[in-house]
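Proteins come first, then strands; the chains are lettered A, B, ... in the order of their sequence lines, and each starts at number 1.
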Amino acid sequence: MEISSKYSPKDIETKWYKEWLDNNLFKSVPDHREPYTIVIPPPNVTGVLHMGHMLNNTIQDVLIRRARMLGKNACWVPGTDHASIATEAKVVAMLKEKGINKKDLTRDEFLAYAWEWKEKYGGIILEQLKKLGCSCDWDRTRFTMEPSLSEAVIDVFIDLHNKGLIYRGSRMVNWDPAGKTAVSDEEVIYKEVDSKLYYIKYFVPNSDEFIMVATTRPETLLGDTAVCANPKDERYKKFIGKTVIVPIVNREVPVIFDEYVDAEFGTGVLKITPAHDINDYNLGIKHKVASIDCFNEDGTMSEAAGFYIGQDRFAVRKQIAKDLAESGHLVKEEAIKNKVGYSERTDAVIEPRISKQWFVDMKKFMALNPEVLESVMSDDINFYPPKLKNTYNHWITNIKDWCISRQLWWGQRIPAWYDDQGNTVVAKTHEEALQLYRKMFPNIPPLGDRGLLLSQDDDVLDTWFSSWLWPISVFDGFKNPENDDISYYYPTNDLVTAPEIMFFWVARMIMSGYEYKKQKPFKNVYYTGIVRDKLRRKMSKSLGNSPDPLVLMDEYGADGVRMGMLLCSPAGNDILFDISQVEQGRNFCNKIWNAYRLVMSWESTSDASEFYKNYSAITNDWIESRLDKAIQEINEHFEKFRLSDALMTLYKFIWDDFCSWYLEIMKPPYGQPIHELALGDVKSIFERLMRLLHPFMPFISEEIRGPLTQNGKNGAIDFINNTSWPAPTQSKEVEYENAFELITLIRNKRNENGISPKVSAKICVSTQLETRYRPFDGIIKKLANVESIDFGKNDKGLKGLVGKDEISIEFVGWEMKAIDQLDLQKEIDYLQGFLTSVEVKLTNEKFLANAKPDLIAKEQQKKTDAESKIKTLQKQLSSISS
RNA sequence: GGGGGCUUAGCUCAGCUGGUUCAGAGCAUCUGCCUUACAAGCAGAGGGUCACUGGUUCGAACCCAGUAGCCCCCA
């Protein structure tokens, strides 16, 4: 059989994914087994796969595949998120290209376009996840805006409203002038930018006296309704009770005083624009000054501003500076750095704005659901890494009300209904709203008589107001709270997500879980870190520093990319993506592939060779016991969610123990067959390794494992997915270390002295325990090119130590030139130092008094060992120098 | 401004309740090899005042305090 020496993943991956789907391997229905559930963090429906998804979903797939092999009924629910702002922005942009303006469309027309868009592009990201090998139960694919999930959202809104947990109020919100919507605090990103501080004179009426104000936002001056200084600030005491004139608009406003003002910053005087700054807003309320909203919803100047009407806020900033300079009001401009909030979705500068919005009263909510905090703090819900508990705690204890309305069309429309007098009812349909309205407002004449119907709120709900229900709604837990799925799969097991959405999503799912299921939504939260480039910059489309995942998988194989993502990604740490890690993954695939080629190339025989008779049993015991240890270690890593460590343990086992040692021992001489039982042993080990590898690298492991198992039952494929996770075999321990060290020693001496591996060696071992070597002598001969092994004293050849045993190595036909006297002396010095440190400990009475007895015994042992080693080395040294 | 975290080999990270000379891994580096599974490889090697200062202890990378630098979150 001719197999290529280079592994080519492409066809193999496509082939197996199709087989897996055709055989319904990822399907899950409730049964008697223990459930193991993961709900996917739903990617944006119009999104494309980025490196963060790759990391996140690889981890989920590793967990779910292993759970399946552990005999659990593993269910990974996929789906997508309707992502109000992002999707609406994309649809608006698409329409713009077609020459259609959103303003010219009715709500229904716009939504028709949006749905069309969703149908066209909505599945792309899920298809990409299949390329990565994700073993989701695709029949369960959900969408946050599909009818039943939307219904759940509306029902929850109504329910919370009825419980008094939702209210509508005028608040200062973060306004996104590009998206023309309010966004939550969590969606604002603060960036440090270079700004200018403008120094502007506000004159006292009919006087040359003025107050100087420093501001970074001169354009908001049109909405100024006061200026404010610190009452302790001596410089401004003379202005108590006075007024000043706001330039340009020539409005007379009071000078007020408040401790809030920092006398050190700028001139120590703040202009107060209650409509456009949260602090000014609070001061405005406190000092009862008026509020003038000088912006339109798109960030242009409003009628109320009185000047520059319709011009953009940033253009006005420049213009107003110019105009103020001309009129002599602008004294100077100063460069400063300040923090400015940007919209996460549109990257527009956020404009604080007062508007009517719907809120969830979080203080009340938390009072009703204290478990939201307790469950995490008491490790009922585990965070990996646990240090993020602190962040969670801090946020929850300082929680703010959640603004849930968005001025968009794409999303669940808020089920609130208004009459023409501002009376509000909350109900699912217009019909129900009318009924409720008549009940609530019996004294208002029937609407019909006034020729009016109730009108529904124009806004939709925040996307997170649907995703916070995800672990329940994907199992239809709202409509049918007792259905088989929700009873079986909820609470889910693990949630894998990024720390940046801890507040957006994780915390809120915990909230909805306790509110609606009286239970936590998941047991473990694994926070992945953010994928960054080597310069620690976040990978993003706009920076162009992110490789295209599909291209990567094409070049390196999905398995290689998966390994690249998993290497070096402990929970909670950012991963610094480097292509070399993916290369390492690809190289690993190739290594495995070649081991496979080797094993498959062996002809087998029933004739037992001498080597087989003498060494197969001990080799088998050795590799089995090593594998036991590796499996235990891997399992421990999994329990602690240390996936990269688990993979690394397996990587080292396959590469070093299996390939470099085991296969080299078992390899028959060129052209000769291997004993059939030995071949069986090799395949058995190899097969288990492929099972262990499967969660990490599902494709190559599946490809290779099949042919390694002879029991392909009547052509039916025996998928790894349906096999079990290998368990330790309780194999016999073998004392192999000395023999293996001896091999390394011989290779080392060859290397040091520039002797070709083809030159054979004769060695002589001086030991009290020949049994440490004898069972391995054929193996030693094979791996270190040794032609004879004797036991006893020998003065000839190069000297070395294995443990306390003295080794003499003669290379056949090689003249020993220099004596490694210096090396010997170096080693003696080292051991002498070591001995001294141990002796210091052992003569320290306090150590003897305080340390545990077994520790003292260990130190004793170290002492005697070191002493005897030194003796041996000194003897060698003297024999050389004599 | 408030809160949290980090600082261990060139890079990325381990180091579990303090106890194998001041310590490990992978990658990278160096040396020698195309030895018929694999050069995407083989056999070896080198490399660290565990940020700094002080304290607790018989004993500190690990515990405590301070200093410096970096990062994240919130305002």
Side-chain angles (χ1 to χ4, degrees), chain A residues 3-7 185-186 188 190 262 278-279 339 341 385 387-395 397-398 400 499-500 502-503 529-530 534 536 556 560 567-570 572-578 580-581 583-602 636-637 640 642 644-645 647-649 651-652 655 659-660 663-664 667 670-671 743-758 783-785 829-841 843-852 854-856 858-859 861-862 865-866:
Chain A
I3 315 176
S4 160
S5 73
K6 294 271 184 287
Y7 175 60
D185 290 343
E186 284 74 26
V188 180
Y190 290 89
D262 178 4
I278 181 67
N279 299 310
K339 291 220 171 154
K387 64 181 178 189
L388 289 174
K389 280 161 69 177
N390 290 328
T391 315
Y392 183 80
N393 184 14
H394 192 252
W395 186 77
T397 45
N398 294 290
K400 305 259 161 47
E500 54 194 354
M502 181 158 100
F503 308 133
I530 296 163
K534 269 174 120 179
R536 288 199 180 267
Y556 294 91
L567 283 173
C568 214
S569 60
N573 279 33
D574 286 358
I575 99 153
L576 271 60
F577 181 82
D578 185 359
S580 72
Q581 286 160 10
E583 271 170 26
Q584 199 183 342
R586 178 202 56 184
N587 295 355
F588 186 42
C589 285
N590 205 47
K591 183 74 185 174
I592 295 166
W593 181 251
N594 278 289
Y596 169 68
R597 281 175 66 214
L598 176 69
V599 171
M600 295 312 282
S601 75
W602 289 339
E636 279 163 26
H637 286 315
K640 292 173 187 159
R642 298 174 169 195
S644 53
D645 290 332
L647 176 58
M648 188 45 70
T649 303
Y651 172 80
K652 283 193 279 191
W655 202 300
C659 290
S660 298
L663 288 183
E664 290 303 326
K667 186 177 4 184
Y670 182 65
I743 293 169
T744 302
L745 177 76
I746 298 165
R747 288 170 171 173
N748 199 346
K749 289 292 172 195
R750 258 206 195 86
N751 242 319
E752 274 174 16
N753 295 288
I755 304 165
S756 162
K758 287 171 185 160
L783 295 195
N785 190 14
D829 292 347
Y830 173 85
L831 283 166
Q832 206 74 58
F834 177 67
L835 185 61
T836 315
S837 82
V838 176
E839 277 170 342
V840 165
K841 248 187 226 178
T843 51
N844 184 335
E845 280 172 34
K846 285 183 175 172
F847 172 73
L848 295 174
N850 293 315
K852 288 177 193 154
D854 59 323
L855 187 76
I856 296 171
K858 250 192 205 167
E859 294 293 320
Q861 186 60 44
K862 275 194 263 176
D865 283 0

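A:N590 comes within 4.0 angstrom of a base, heavy atoms only. In this structure, A:S756 reaches neither bases nor backbone, as no heavy-atom distance under 4.0 Å exists between it and the strands shown. Nucleic acid contact class of A:S601 (heavy atoms, under 4.0 Å, all strands): none. Using a 4.0 Å heavy-atom criterion, one finds that A:Y651 contacts the sugar-phosphate atoms exclusively. Across all strands, A:C659 comes closer than 4.0 Å to base atoms (heavy-atom distances). Within 4.0 Å of A:K652, counting heavy atoms only, lie sugar-phosphate atoms of the nucleic acid but no base atom. Among the protein residues, A:W655 comes within range of the sugar-phosphate backbone only, with heavy atoms under 4.0 Å from sugar or phosphate atoms but none that close to a base. At the heavy-atom level, A:R747 lies under 4.0 Å from the strands shown only through sugar-phosphate atoms. Residue A:R642 is in sugar-phosphate contact alone, with no base atom involved, counting any heavy-atom pair closer than 4.0 Å across all strands shown.
Listed candidates were B:rC74, B:rA37, B:rA43. Nearest to the side chain of A:L598 is B:rA37. Which of B:rG2, B:rA37, B:rA45 sits closest to the side chain of A:H394 comes down to B:rG2. Checked against B:rG26, B:rA75, B:rA37, the side chain of A:K400 finds its nearest nucleotide in B:rA75. Taking every side-chain heavy atom of A:N751 into account, B:rG44 is the closest of B:rG44, B:rG2, B:rA39. Closest approach to the A:S660 side chain among B:rC38, B:rC42, B:rA40 is made by B:rC42 (side chain taken as heavy atoms from C-beta onward). Here the side chain of A:S5 is nearest to one of B:rC27, B:rC38, B:rG41, namely B:rC38. Distances were taken from every side-chain heavy atom of A:E664 (C-beta onward) to each of B:rG44, B:rU35, B:rC38; the shortest belongs to B:rC38. Of the candidates B:rG4, B:rG26, B:rC38, B:rG4 carries the atom nearest the A:N390 side chain, counting heavy atoms from C-beta on.
With rounding to the nearest 0.5 Å, the separation of CZ in A:R750 from CD1 in A:I755 is 7.0 Å. With rounding to the nearest 0.5 Å, the separation of OG in A:S5 from CG in A:L598 is 13.0 Å. Put simply, CG on A:D645 and CG on A:L567 are 10.5 Å apart, with the number rounded to the nearest 0.5 Å. Separating the OH atom in A:Y651 from the NZ atom in A:K591 is a distance of 9.5 Å, to the nearest 0.5 Å. Taking CD of A:Q581 as the start and CZ of A:F577 as the end, the distance is 7.0 Å to the nearest 0.5 Å. Here NZ of A:K667 is found 9.5 Å from CG of A:L783. Values are rounded to the nearest 0.5 Å.
Rounded to the nearest Å, the gap between the C1' atom of B:rG55 and that of B:rG26 is 37 Å. Across the P atoms, B:rC38 and B:rA45 are found 24 Å apart, a figure rounded to whole Å. The P atoms of B:rA51 and B:rA60 are separated by 15 Å, rounded to the nearest whole Å. Nucleotides B:rA43 and B:rA28 have their P atoms positioned 15 Å apart, rounded to a whole Å. For the P atoms, the distance linking B:rG15 with B:rC73 amounts to 24 Å, nearest Å. For the P atoms, the distance linking B:rG24 with B:rC50 amounts to 14 Å, nearest Å. On the C1' atoms, B:rU17 is 12 Å away from B:rC63, given to the nearest whole Å. Taking atom P on both nucleotides, B:rG41 is separated from B:rC27 by 9 Å, rounded to a whole Å.
Of the side-chain N and O atoms in A:N748, one or more sit less than 4.0 angstrom from OP1 or OP2 of B:rA45. Side-chain nitrogen and oxygen atoms of A:N587 include at least one within less than 4.0 Å of the OP1 or OP2 phosphate oxygen of B:rG41. In terms of phosphate contacts, A:T391 brings no side-chain nitrogen or oxygen within less than 4.0 Å of OP1 or OP2 of B:rG5. The shortest distance between the side-chain N/O atoms of A:K667 and the OP1/OP2 oxygens of B:rA37 is below 4.0 Å.
In this structure, NZ of A:K758 is placed 7 Å from P of B:rU35, rounded to the nearest angstrom. The NE2 atom of A:H637 sits 13 Å away from the P atom of B:rA14 (whole-angstrom rounding). Regarding A:K387, its NZ atom lies at a distance of 10 Å from the C1' atom of B:rC71, rounded to whole Å. Regarding A:N393, its CG atom lies at a distance of 18 Å from the P atom of B:rG2, rounded to whole Å. Between the CG atom of A:L388 and the P atom of B:rG3 there is a distance of 18 Å, given to the nearest Å. Rounded to an integer number of Å, the gap from CZ of A:R586 to C1' of B:rG41 is 12 Å. The interatomic distance linking A:W395 (CH2) with B:rG3 (P) rounds to 20 Å, in whole Å. Put simply, NZ on A:K591 is 14 Å from P on B:rG26, counting in whole angstrom units.
Between A:W593 and A:Y7, the two ring planes are tilted [angle within 30° to 60°].
Each of A:N398 and A:I743 was matched to the nucleotide of RNA chain B holding its nearest heavy atom; the match closer to the 5' end belongs to A:I743. Both A:T744 and A:Y670 lie close to RNA chain B; mapped to their nearest nucleotides by heavy-atom distance, the more 5′-ward contact belongs to A:Y670.
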key: Dot-bracket encoding per residue of RNA chain B, Watson-Crick/G-U cut-off under 3.5 Å, | denoting interstrand   = (((((((..((((.....[....)))).(((((.......))))).....(((((..]....)))))))))))).
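Panel note: side chain A:N393, backbone A:K389; no donor-acceptor pair is recorded below 3.5 Å. Side chain of A:R597 to backbone of A:I592: no donor-acceptor contact under 3.5 angstrom is found. With hydrogens and angles disregarded, a donor-acceptor distance shorter than 3.5 Å links the side chain of A:N594 to the backbone of A:N590.
Residues A:L745 and A:K749 have side chains in contact (heavy-atom distance under 4.5 Å, counting atoms from C-beta outward).
Not a single donor-acceptor contact under 3.5 angstrom links the side-chain atoms of A:D645 to the base of B:rA14.
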